[in-house]
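Worksheet: one structure, shown below.
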Amino acid sequence: MSAELRSRRRSMLRAFLLLCVFLGPAAAQDLVIEGDATSPTGTESGAPDSSFFAGEPTETETEEESFFTGGDPTSAEPVPDSAPFVSPPLEDREPSESGESGTNVFTPEPIDGGDPGSQQSDGTSFGGTISSEPADEAISEIDVLQLEEPRSGTVAEEGVDLISIQLPANGTDYPNILLTLTTDNEEGDADILCLPVGQFNPAQPAQRGSSIWVSDHSQGKDYVFISRNHDLYEASKRQLKDPDLGSIPGISITCGIIGYAPDGTDYTLDLDIDYSERTLVESEQATMQEIFDKCCLDGPALCTDWKNFIDESGEVSMDFCHSLGSICDEDGSLVRLDLRKLNFGCKFPIDEIAKLKNLEKLQMESNGLEGNISEILESISLNLNLQHLDLSENSLSGVLDEEPLCSLTHSGRLEFLNLELNAFEGTIPECLFDESSTLKELIMDRNELAGELPPIPAASQLQVLRIAGAGLKGSLDASLGDLQSLVVLDLSMNHLEGTLPKDLGKSPSLRSVRLQDNNFEGAIPGSLIEATGIRYLHLENNRLESFAPEWYSGNPQNSSMLLMDASKNVLKGEFPTALLGATNLVALNLQENELSGPLPDRKEMLLNTVQFVVNGNLFEGKIPDSFRDIGFFNDEVVLDGPKHARRLFPIFDLASNKLSGVLPSFLSNDSIPSVSQGGVYLGGNDFELDCPIPAELSHIEDLECVDEQSQKQEEKEEKAIVEDGEDLIEDVDLLSGEEQDTFSLNQVEESQEIIKDEDRKTRRHHRKNHDEKKKKGSGSDKNIVIIVVGCIAAALFVSVLVVAIFYRKKIERMRQIDELVGRDVELNRNTL
């Protein structure tokens, strides 16, 4: 394989890896999600597990997002070394499949000790007990949540408040439990995760992947319903100690409240229990039967999960009081109905859903439902209790009508609306954003909308605005910088244009900005680097031309920014030095712009940055020694540093610039953390590096070196090509008989010189002579060089031959003309 081919292959590989990391598994998907914007309060909406730069949009602002990558940030399990480009997205939090049960990644251990059938003297049947474990001591120190005594507190970002629930059995009946979590501050963002005491691990409390009952992060209030009919409820039974009665049967469950808001979350947790066999009222069971008959009977693949939900009589159950994710009130009426991902085979059941008048939360995403969006919303708007509506990932069509939406958000109580991934048209009504609207989260990604985004008043309650990939046009109104409650702004993948609002970063609550894949131009506002709350900034794939002066003069020591991507614009000027003071920055991507000048050189810069990508610019000069201090080269950051940093695959990419000089010693493999060694890219520069490449730099695959002996051999081969070309030109002259035809000779010589120069540049630029590769592939490389030289010589010979034949025919034709003219002249003379 030639040096040029190897260079191209590595460039393609690097581009492919970066693409995988940018888009992640999601790109795959649309390229979210990251699909990802986030929400301080929303539920999961089919967001991708992917990348920093990509996106897959989600509703919830999460703990981790990879600059280029995806996963479950709530899990503390480290990312395996075997999958270096798969790491949890900072902005995408993976909710559980339902509000009641999270992902069960373990098999519950059997209950030890005690006899479930043993009787007390009063005839009460004991439940099974659990033998004493180390967890018992830890649990004994956790506050116990009491009935009619709500627990209030504040949980910090990434913090966990542990709470124990210990309830006695009522005879042979054990309690159903309803936990209500309310966030008391507007920017609050928390979830509650519970599991039986038998599964509690003091070393890793409140893990989403190992918890059984998990909230799905809805707006305002969130619920966890722990049904005594749940398969794993049995693992919570144990003997409780009562000061008066001694040992009594009961249940013990441990819960953790996890905080996500940067400024902390104020919360209130209420406990309600019910020892009765809560059952859905008959009228609503009949309604659920109608939905089942309408949507589930036309094929075996329809509603498989529902068909497996069997009651005691062996029939498909219509009692959704105990189904995963659904909740009934004390009267047996549904207040929350979860019909997600059931694969219905019908149009939207408008009439049936309208009968469930007490619903506060309706989730019907990912069902392939068809129907007219305005007719559906008009029917739903009659339910004045509804607070949360998710109809995403269906096939709803028609034109979006303003009236039902305005009714839901003004006459009703709707706070959360998710209509993404449908097929309806229309414009966005202004009423959704005015001061009297109850709406706090709006998600309409990937529909077929038209028109512009209406102005949003500063007093709007809106916290999350996600309308990505929906066909929006026009420019952004300056009022976006005045919004007091906005946390997430995602208008990516539209046709927006003009300049970015100057004060965009001044919105005090703003945490995530996604404006990539539009047509914005002009300068990147200085308010974005001066903002103290923005954590994720995506501006890639626009036409932005420069950084505002604040990006050079500011010192954002209080910046919360974790990630910035302004790649693939037309940015000019020097490196934005204010970023060097963003101490929390873990990932920076400025690739494929026109930035120039020297690389930044400042002590203790970018201390937590493990992904530094500036390839495809015009930076020149040497690599400063101060780069040895950035997070990429620091074991403590890469392996044991901040959670956001250690979950990313380290990347240090300076390829395709105009850098030169001697490579600094800190690039050697004994100075770089082992996990970082595969992420160094320096090709396409002019570093001073003689062949063979030293072993300590062998981990940098795209390095180019200069081999003097090979260079002399190439010059000799080039000289031979020139001489062969001159011989061919002489042959052409002899064939044509026109030795004075300097015009054709000059043309051939110019072509020959161009070929020679291009060949020399290509050879010198892409030469790679690593020792090991020389041993394995020197023979094949030499053969390829000979073949290339032969091809060039053959091409030159053919070119010259064509020219020669052309001129020979031309000369022959001229001679024929001369003969004809001579005959005519002779004929005329004879005639005269």
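Heavy atoms only: backbone and side chains are in, while hydrogens, waters and symmetry mates are out. Numbering starts at 1 and runs along the sequence shown.
No hydrogens or angles considered: nothing links the side chains of Ser333 and Asp331 as a donor-acceptor pair under 3.5 Å. Under 3.5 Å, the side chains of Thr180 and Asp272 contain no donor-acceptor pair of N or O atoms. Thr154 and Asp266 are linked by a side-chain donor-acceptor pair at a separation below 3.5 angstrom, with hydrogens and angles left out of the test.
Residues meeting the side chain to side chain contact (heavy atoms under 4.5 Å, CB included) test with Asp401, sequence neighbours left out: Ser374, Glu403, Pro404. The side chain to side chain donor-acceptor pair (under 3.5 Å) test applied to Asp434 returns His410, Ser436, not counting sequence neighbours. The side chain to side chain donor-acceptor pair (under 3.5 Å) search around Ser276 returns Asp274, not counting sequence neighbours. Partners of Glu402 according to the side chain to side chain donor-acceptor pair (under 3.5 Å) rule, which considers only residues two or more places apart in sequence or in another chain, do not exist here. Every residue meeting the side chain to side chain donor-acceptor pair (under 3.5 Å) condition with Asp293, not counting sequence neighbours, appears here in chain and number order: Gln289.
Side-chain atoms of Asn394 come within 3.5 Å of backbone N or O of Gly368 as a donor-acceptor pair. Of the possible polar contacts, one joining the Asn422 side chain to the Glu420 backbone as a donor-acceptor pair under 3.5 Å is found. In this structure a side-chain-to-backbone donor-acceptor pair under 3.5 Å is missing from Arg340 to Gln363. Checking side-chain atoms of Ser252 against main-chain N and O of Gln166 turns up no donor-acceptor pair under 3.5 Å. A donor-acceptor pair under 3.5 Å is absent between the side-chain atoms of Ser397 and the main chain of Ala423, judged by distance alone. In terms of modelled atom types and a separation under 3.5 Å, the side chain of Lys440 and the main chain of Ser485 share no donor-acceptor contact. With Ser460 contributing its side chain and Phe433 its backbone, the two residues share a donor-acceptor pair below 3.5 Å. The backbone N or O of Ala301 sits nowhere less than 3.5 Å from a side-chain atom of Thr304 that would complete a donor-acceptor pair. Although no hydrogens or angles enter the test, the distance criterion places a donor-acceptor pair under 3.5 Å between the side chain of Lys307 and the main chain of Leu302. In terms of modelled atom types and a separation under 3.5 Å, the side chain of Ser152 and the main chain of Thr268 share no donor-acceptor contact.
Tested against Cys194, the residues Leu179, Val214, Ile212 include a single side-chain contact (heavy atoms from CB on, under 4.5 Å) partner, Leu179. Across Val224, Leu269, Ile165, a single residue satisfies side-chain contact (heavy atoms from CB on, under 4.5 Å) together with Cys255, and that is Ile165.
Across all their heavy atoms, Arg466 and Asp445 have their closest contact at NH2-OD2, 2.6 Å. Between Ala190 and Val155, the closest heavy-atom pair is CB-CG1, 4.5 Å. Among all heavy-atom pairs drawn from Leu342 and Asn367, the shortest one is N-OD1, 2.7 Å. Smallest separation of non-hydrogen atoms from Ser236 and Ile253: CB-CG1, 3.7 Å. Nearest heavy-atom pair, Tyr233 versus Pro175, reported as atom, atom and distance to 0.1 Å: OH-O, 2.6 Å.
Glu365 places none of its side-chain heavy atoms less than 4.5 Å from the side chain of Asn418. Inter-residue side-chain proximity for Asn383 and Lys357 is flagged as unmet; no heavy-atom pair is nearer than 4.5 Å. Taking 4.5 Å as the limit, every side-chain heavy atom of Glu284 sits out of range of all side-chain heavy atoms of Cys328. Put simply, the side chain of Ile257 does not reach to within 4.5 Å of the side chain of Arg151, judged on heavy atoms.
Among pairs with a residue in residues 332-356, none fulfils ring-ring contact (aromatic ring centres under 6.0 Å, His included), at least two apart in sequence or across chains.
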- prompt: Would Ser313 and Asp311 satisfy side chain to side chain donor-acceptor pair (under 3.5 Å), going step by step from the backbone distance to the final call?
  reply: CA-CA 5 Å; Ser313 65; Asp311 61 20; 2.7 Å; yes
task: Give the intermediate values and the outcome of side chain to side chain contact (heavy atoms under 4.5 Å, CB included) for residues Glu290 and Asp351.
output: CA-CA 10 Å; Glu290 292 173 7; Asp351 297 335; over 6 Å; no
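For the two cysteine residues Cys303 and Cys295, the thiol sulfurs sit 2.5 Å or further apart.
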